[in-house]
Amino acid sequence: MARPEGGGAAASERLALIGDVAGIRSATEGWRCAGERVGLVPTMGALHAGHLSLIQRCRQECDRTVVSIFVNPLQFGPGEDYECYPRRLEDDLALLRAQQVDAAFVPSVEAMYPPGATTRVRVKGIDEVLEGRHRPSHFEGVATVVLKLFNAVRPHRAYFGQKDAQQAALVERLARDLDTGVEVVVCPTVREADGLALSSRNVYLSEEERIAARRLVEALRAANRRYLEGERDPERLRGAMLTVLRAEPLARVDYAEVVDERTFQGPGPLAVLAVRIGEARLLDNHRLGDPLP
Ligand code: AMP
């Protein structure tokens, strides 16, 4: 099937906006039957350059790109930011048109979870540590929605960000364990000029908090320096991160650990952080030994 080339009018006409499971399934089914490779980029919207990097990778590797926008209530705990999570659908759709995305799947909560839908998916082990320990049932919400998106869209490939490393590892395992046939692609973290990882939640930061938020990447850099000097003791590497974070009065550390990058348990090369600054809870991570801008 021919793809419309670039160009404003063609680009703005090709985005299909679909809100129900039957609709997205029949669109992607048609593409699959025509021999086209379908890629899925799941998001919660408020799109930024991090999301765009996933979309661009998907467009390079697949014939059709589906972006889902769904703020999934199941993955938010009581007292978390579900209600005030940034929602900017019109801006997001304009971005998707400019990126020549084929379909935006934007279901309502009722379309995803009709009354009586009580099935939940768990990926045991990895969902009990770090993010899983701090946000009980968060990963159950993630695993359930991701499997539902895989079943609705039936993509050949799905794109996730290394920014949420534990989520990416959990989704890779889910895709394999449940024989989804979906190839999970994990894309590098996109950062601001000063190193802060892009996140939809960065909008919660005041000017002063935005400056304090640099400490996350600085903590990762400190651990990386020690690692490159030959330090391998996880406690000392962790200490290097905590020294940087504790010097910032606005930062409250949920965890700073150096863990195995598959299981997120036991020592390994992945430095992971969760830090609260004001109303924002920020995550970052780095595979020690790799270059960190
Ligand atoms: P979210 O909308 O926050 O649920 O993110 C949707 C996808 O984009 C997830 O796979 C995230 O890991 C990914 N993502 C978010 N921020 C970044 C970033 N700064 N760089 C790369 N990927 C990201």
Side-chain angles (χ1 to χ4, degrees), residues 39-60 65-77 80-82 84-89 91-93 95-96 99 101 104-107 112 130-131 135 138-139 141-150 153 155 157-175 182-205 210 213-214 216-217 220 261 264 270 272-275 280-287 290 292-293:
L40 169 67
V41 182
T43 81
M44 297 204 298
L47 301 178
H48 52 64
H51 298 115
L52 294 191
S53 73
L54 271 53
I55 292 168
Q56 281 158 4
R57 174 91 175 261
C58 183
R59 285 203 71 235
Q60 281 164 18
T65 296
V66 178
V67 175
S68 62
I69 299 178
F70 181 59
V71 184
N72 175 32
L74 236 52
Q75 72 189 68
F76 289 78
E80 290 187 358
D81 57 345
Y82 175 68
C84 62
Y85 193 85
R87 289 165 171 88
R88 298 200 307 253
L89 186 59
D91 293 352
D92 289 348
L93 294 177
L95 264 169
L96 298 185
Q99 294 293 320
V101 165
F105 179 46
V106 189
M112 285 302 267
L130 300 172
E131 277 305 278
R135 303 182 70 190
H138 166 67
F139 281 132
V142 170
T144 302
V145 83
V146 167
L147 186 64
K148 283 177 67 70
L149 290 169
F150 284 4
V153 176
R157 286 189 176 181
Y159 295 79
F160 292 83
Q162 175 66 21
K163 156 75 170 42
D164 301 287
Q166 196 174 353
Q167 169 177 281
L170 177 131
V171 168
E172 279 181 320
R173 193 181 301 170
L174 162 94
V182 177
E183 189 183 335
V184 173
V185 181
V186 182
C187 304
T189 302
V190 176
R191 298 177 179 281
E192 303 274 11
D194 67 356
L196 177 68
L198 293 184
S199 163
S200 305
R201 290 188 165 100
N202 291 351
V203 298
Y204 299 152
L205 297 168
R210 171 64 186 79
R214 284 184 196 150
L216 275 86
V217 71
L220 294 174
E261 60 193 323
F264 284 71
L270 191 72
V272 286
L273 298 176
V275 179
R281 185 170 177 281
L282 304 177
L283 302 187
D284 204 349
N285 69 86
H286 181 66
R287 189 176 195 285
D290 287 352
L292 180 55

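Each residue takes its place number in the sequence, starting with 1. We count ligands from 1, going down the list as the structure has it; atoms in each ligand are counted the same way.
Annotation: Thr189 places no N or O atom under 3.5 Å from an N or O atom of ligand 1; distance criterion only. Polar contact with ligand 1: present for His51 (N/O pair, distance under 3.5 Å). Between Val190 and ligand 1, a contact under 3.5 Å exists for at least one N or O pair. Polar contact check, Pro42 against ligand 1: no nitrogen or oxygen pair lies under 3.5 Å apart.
Residue contacts with ligand 1 for Val41 are absent, since no atom lies close enough (heavy atoms, distance under 4.0 Å). For Pro188, every heavy-atom contact with ligand 1 shorter than 4.0 Å involves the backbone, none the side chain. At a heavy-atom distance under 4.0 Å, only side-chain atoms of Lys163, from C-beta outward, approach ligand 1.
For the pair Tyr159 and Val186, the minimum side-chain heavy-atom distance is 4.5 Å or more.
Below 4.0 Å from some heavy atom of Gly161 lie the following atoms of ligand 1, by number and element: 9 (C), 10 (O), 11 (C), 12 (O), 13 (C), 22 (N). Close approach to Phe160 involves these atoms of ligand 1, each under 4.0 Å from a residue heavy atom: 10 (O). When each atom of ligand 1 is checked for a heavy atom of Leu54 under 4.0 Å away, the hits are 7 (C), 8 (O), 10 (O), 13 (C), 22 (N). Residue-ligand proximity, Leu198 to ligand 1, at heavy-atom distances under 4.0 Å covers atoms 16 (N), 17 (C), 18 (C), 19 (N). Residue Thr43 has at least one heavy-atom neighbour below 4.0 Å for each of these atoms of ligand 1: 2 (O), 6 (C). With ligand atoms numbered from 1 in the order given, ligand 1 contributes 1 (P), 2 (O), 4 (O) to contacts under 4.0 Å with heavy atoms of Met44.
In this structure, the protein non-hydrogen atom closest to atom 12 (O) of ligand 1 is Asp164 OD2, 2.7 Å.
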Could you go through Gln162 and Cys187, starting from their C-alpha distance and side-chain angles, then the distance that decides it, and tell me whether this counts as side-chain contact (heavy atoms from CB on, under 4.5 Å)?
CA-CA 6 Å; Gln162 175 66 21; Cys187 304; over 6 Å; no

Glu80 vs Arg135, salt bridge (charged side-chain N to carboxylate O under 4.0 Å, His left out): CA-CA, chis, key distance, verdict:
CA-CA 9 Å; Glu80 290 187 358; Arg135 303 182 70 190; 2.5 Å; yes

Check against side-chain contact (heavy atoms from CB on, under 4.5 Å), Arg214 and Glu192:
CA-CA 10 Å; Arg214 284 184 196 150; Glu192 303 274 11; over 6 Å; no

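Within the 4.0 Å heavy-atom shell around ligand 1 one finds His48. Within the structure, ligand 1 lacks Ala168 among the residues with a heavy atom less than 4.0 angstrom away.
Using modelled atom types and a 3.5 Å distance limit, the side chains of Tyr82 and Asn72 yield no donor-acceptor pair. A donor-acceptor contact closer than 3.5 angstrom links the side chains of Gln99 and Gln56.
Looking only at distances, a side-chain donor or acceptor of Arg87 sits under 3.5 Å from a matching main-chain atom of Tyr85. No side-chain donor-acceptor contact under 3.5 Å links Asp92 to the backbone of Gly45. In terms of modelled atom types and a separation under 3.5 Å, the side chain of Thr43 and the main chain of Ser68 share a donor-acceptor contact.
Scanning both residues, Pro86 and Val203, for their nearest heavy atoms gives CG-CG2, 4.1 Å.
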